[in-house]
Structures are given as structure tokens and as C-alpha cells.
There are 2 protein chains.
Amino acid sequence: MKSLKTPPIFCCPPLLAGCLTGAEAASAATLFRVLGEPARLQLLSLIAAQPSGEVCACELVESLGLSQPTVSHHLKVMYEAGLLEKERRGTWIYYRIVQAQLVSLREVLG
Amino acid sequence: MKSLKTPPIFCCPPLLAGCLTGAEAASAATLFRVLGEPARLQLLSLIAAQPSGEVCACELVESLGLSQPTVSHHLKVMYEAGLLEKERRGTWIYYRIVQAQLVSLREVLG
DNA sequence: GACTCACATCGATATATGTCAATATAGAAA
DNA sequence: TTTCTATATTGACATATATCGATGTGAGTC
């Protein structure tokens with residue numbers, strides 16, 4: 001914090017408002033934080049690598065060295081963040097990537 | 001985990017290797033995790049909004065509602081992640097954004 | 001040297017979260 | 001209904017980290 005007894009002589013004037021509002025920063029940060037986990041990035045990569053664009057959850061459990069509850073947890077985190085959509089077909093649940101969220105993050109990085 | 005006593009009859013065959021290796025996922029996740037903090041995104045936004053492309057640290061301290069040690073911590077985290085570079089000029093330290101890291105993250109999202 | 005400003009580090013604390021074993025739930029098939 | 005498979009939830013634990021007050025460090029000024 002700047003000292004209270006002296007005016008800002010040596011330092012620069014306050015910045016203009018930045019491009020990102022607090023709310024925008026918060027929502028983008030929530031998505032980035034979801035991506036900030038190697039296991040989740042690999043799950044996304046596995047889904048994206050499929051020509052069908054979807055993968056059943058049991059395949060994802062087998063592909064990483066993680067337990068089934070842990071994979072289920074990561075899928076839930078990404079689903080609730082809007083990065084994945086899921087569809088039940090019989091016993092299995094298929095996950096797909098929601099592109100819109102990734103696109104908005106790319107714009108933040110631009 | 002799949003049951004050990006039965007072969008994978010009802011389930012699908014293992015996936016091919018995903019696009020991201022474990023190491024690639026780890027390094028990208030580290031960067032995403034750094035971005036997964038609203039305060040850090042706002043700091044980046046403030047720096048990016050400057051025509052000069054650089055901002056002295058004291059301005060950043062004043063622009064967010066956070067204490068000076070906290071801002072210093074966030075700047076250090078981003079600097080060590082390679083997202084920022086800094087230059088001391090006299091008493092002040094100026095921070096600039098390193099574009100290369102952001103570009104690589106955009107590619108991961110593509 | 002003495003003082004001030006800018007920034008970094010330390011220590012402590014609270015909170016968040018990744019992980020798994022155990023268990024629950026839900027659908028399919030017998 | 002009973003049983004099996006697929007997925008989710010719970011509870012517990014360990015680790016990471018955001019935050020701040022206090023203090024240290026380094027540069028400039030008097």
C-alpha cells in the first residue's frame with residue numbers, strides 16, 4: 001500500500017479501468033481453474049481425439065491411471081463448468097465437449 | 001475401475017492415445033492454473049490495456065483491492081510461470097506480458 | 001549516514017481441492 | 001426379484017494456495 005502521508009509524487013497516476021471487469025475476470029478464472037488440472041486436460045484431449053466427438057465414461061476411467069471416483073469427480077467438475085455435456089444411452093453415459101466455452105477462453109487470451 | 005473378474009464385454013475397447021501427452025498436459029495445466037485466479041487475470045488485463053505494454057508494480061497494487069504483498073505474490077507467480085517479464089528502472093519495476101505463453105495456450109484450446 | 005519509497009519475503013491462517021476406499025444409485029438382463 | 005455393470009456420492013485425508021501483517025531488502029534523496 002502506498003504511504004498515506006505523502007501525495008503520489010514519485011509514483012505514477014492510477015491506471016484507467018482495465019479491460020476485464022471483476023465479474024468477467026471471475027467467470028474466466030473459474031474456467032481456467034477447471035482447465036488447470038492435468039487429469040482434466042487429458043480427459044478433454046481424449047474426448048477431442050475421438051472422431052465421433054464423444055466418449056463413454058468407462059473408457060475415460062480406463063485411459064488414465066486414476067480411480068473411477070476421481071475420474072467421475074473430474075467429469076462432474078467440467079460438466080458443471082459447462083465444458084462438457086453428457087447423454088445417457090442405456091447403461092452408459094457419453095460425454096462431449098462444449099466448444100462455446102473454449103472459444104470464449106480463446107478470446108480472453110487474445 | 002472395471003471389475004477384474006470379467007472381460008470387457010459390455011464396455012468399449014480402450015481409447016487410442018490422446019493428443020496430449022502427460023507432460024504436455026502438466027505444463028499446460030500449470031499455466032491454466034496460474035490464470036485461474038481472478039486477481040491475476042485482472043493484473044494481466046491492466047498490463048495489456050496500457051499502450052506502452054508495461055506497468056510499474058505500484059500502479060497494480062493501487063488498482064486492485066488487494067494488499068501489496070498479495071499483489072507481489074501474484075506477480076511472482078506469473079513471472080515464474082513465464083507469463084510476465086520484468087525490468088527494474090531505478091526504484092520501480094515494470095512488468096510486461098510475454099505473448100508466447102498465451103499463444104501456446106490458445107493452441108491447446110483450439 | 002539517515003530517511004523514504006518500492007518491492008519482496010516470512011510466518012500464520014483459512015480455505016479449496018485432488019485423491020481414494022467404501023458405499024449408494026440406476027439401468028439392464030437373467 | 002435378483003444380479004451385474006456403470007456411474008455417482010460420501011467421508012476422510014493430505015496438499016496446495018490465497019491472503020495479510022510484519023519485516024527485510026534495495027534504490028534514491030536529503
Side-chain angles (χ1 to χ4, degrees), chain A residues 1-14 25-26 29-30 32-43 54-81 84-95, chain B residues 1-14 22 25-26 29-30 32-43 54-81 84 86-95:
Chain A
M1 283 297 194
K2 176 169 292 290
S3 162
L4 293 177
K5 31 186 181 174
T6 53
I9 301 178
F10 302 106
C11 196
C12 347
T30 298
F32 280 129
R33 174 167 260 166
V34 169
L35 295 180
E37 193 63 23
R40 290 199 279 261
L41 282 183
Q42 289 202 282
L43 289 171
E54 63 183 11
V55 180
C56 116
C58 66
E59 298 182 78
L60 298 172
V61 169
E62 296 189 348
S63 298
L64 302 184
L66 297 173
S67 71
Q68 179 267 323
T70 298
V71 173
S72 183
H73 165 70
H74 286 311
L75 291 173
K76 181 183 182 182
V77 168
M78 290 192 284
Y79 174 76
E80 291 182 340
L84 293 180
E85 58 186 2
K86 60 179 171 180
E87 178 189 347
R88 170 155 230 145
R89 291 210 292 274
T91 308
W92 305 286
I93 296 183
Y94 291 81
Y95 283 89
Chain B
M1 285 295 196
K2 176 169 291 288
S3 162
L4 292 177
K5 32 184 181 176
T6 54
I9 301 178
F10 301 106
C11 197
C12 346
T30 298
F32 279 131
R33 175 167 259 167
V34 169
L35 295 179
E37 193 64 22
R40 291 200 278 261
L41 283 183
Q42 289 201 282
L43 289 171
E54 63 182 11
V55 180
C56 114
C58 66
E59 299 181 77
L60 298 171
V61 169
E62 296 189 346
S63 298
L64 302 182
L66 297 173
S67 71
Q68 179 268 324
T70 298
V71 173
S72 183
H73 164 70
H74 287 311
L75 291 172
K76 181 183 182 183
V77 168
M78 290 191 284
Y79 173 76
E80 292 182 340
L84 292 181
K86 61 179 171 180
E87 178 189 346
R88 171 155 229 145
R89 291 211 290 274
T91 309
W92 306 287
I93 297 182
Y94 291 81
Y95 283 89

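Residue numbering restarts at 1 for every chain, and letters A, B, ... go by the order of the sequence lines.
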**OP:** Provide, to the nearest angstrom, the distance between the CD atom belonging to A/Glu80 and the P atom belonging to C/dG18.
**Re:** 12 Å
Subject >> Candidates D/dA8, C/dT17, C/dC20 - which lies nearest the side chain of A/Arg33 >> reply: C/dT17
Original post:
Shortest non-hydrogen contact from B/Glu59 to B/Ser63?
Top reply: O-OG, 2.8 Å
Original post:
So, does the side chain of B/Gln68 form a donor-acceptor pair with the base of C/dA8 at under 3.5 Å?
Top reply: yes
Subject >> Approximate separation, where rounding is to 0.5 Å, of A/Thr30 OG1 and B/Glu37 CD >> reply: 9.5 Å
**OP:** Tell me which of A/Arg89 and B/Thr70 sits closer to the 5' end of DNA chain C, going by the nucleotide each one is nearest to.
**Re:** B/Thr70
Original post:
Roughly how far, to the nearest 0.5 Å, is the CD atom of B/Glu62 from the CG atom of B/Leu64?
Top reply: 11.0 Å
**OP:** Grab the CG-C1' distance between A/Leu43 and D/dT7 for me, whole Å please.
**Re:** 14 Å
Subject >> Nearest to side-chain heavy atoms of B/Cys56, which nucleotide of C/dC7, C/dC20, D/dA6 >> reply: C/dC7
Subject >> Protein-nucleotide distance (B/Tyr79, atom OH; C/dT9, atom P), rounded to Å >> reply: 11 Å
Original post:
In terms of the nearest nucleotide of DNA chain D, which residue is placed more toward the 5' end: B/Val77 or A/Tyr95?
Top reply: A/Tyr95
Subject >> Between P of C/dA6 and CD1 of B/Ile93, the distance in whole Å >> reply: 12 Å
Subject >> Minimum-distance pair of heavy atoms, taken over all atoms of B/Leu41 and A/Ala29 >> reply: CD1-N, 3.4 Å
**OP:** In whole angstrom, give the distance that lies between atom CE of A/Met78 and atom C1' of C/dT17.
**Re:** 15 Å
**OP:** Ignoring backbone atoms, establish whether A/Thr91 has a side-chain N or O less than 4.0 Å from OP1 or OP2 of D/dA6.
**Re:** no
Subject >> Nearest listed nucleotide, side chain of A/Leu66, among C/dA8, D/dT7, C/dC20 >> reply: C/dC20
**OP:** Look at the side-chain N and O atoms of A/Arg40 and state whether any lies under 4.0 Å from the OP1 or OP2 oxygen of C/dG18.
**Re:** yes
**OP:** Figure out the CD/P separation between A/Glu62 and D/dT7, and round it to whole Å.
**Re:** 10 Å
**OP:** Could you tell me whether the phosphate oxygens of C/dA8, OP1 or OP2, come under 4.0 Å of any side-chain nitrogen or oxygen in B/Lys76?
**Re:** no
Original post:
Once you round it to whole Å, what is the distance between P of D/dA8 and CG of A/Leu60?
Top reply: 11 Å
Subject >> Most 5' of B/Lys86 and A/Ala39 on DNA chain C, judged by nearest nucleotide >> reply: B/Lys86
Original post:
With a 4.5 Å heavy-atom cut-off, do A/Tyr95 and A/Leu43 have their side chains touching?
Top reply: no
Original post:
Atom CG of A/Leu64 to atom P of D/dT7: distance rounded to whole Å?
Top reply: 14 Å
**OP:** Name the closest nucleotide to the B/Ala57 side chain, picking from D/dA8, C/dC7, C/dG18.
**Re:** C/dC7
Subject >> Distance test, side-chain N/O of A/His74 to OP1/OP2 of C/dT19, below 4.0 Å >> reply: yes
Original post:
Under 4.0 Å between a side-chain N/O of A/His73 and OP1 or OP2 of D/dT9, yes or no?
Top reply: no
**OP:** Measure across A/Arg33 and A/Arg40 and return the closest heavy-atom pair with its distance rounded to 0.1 Å.
**Re:** O-NH2, 3.7 Å
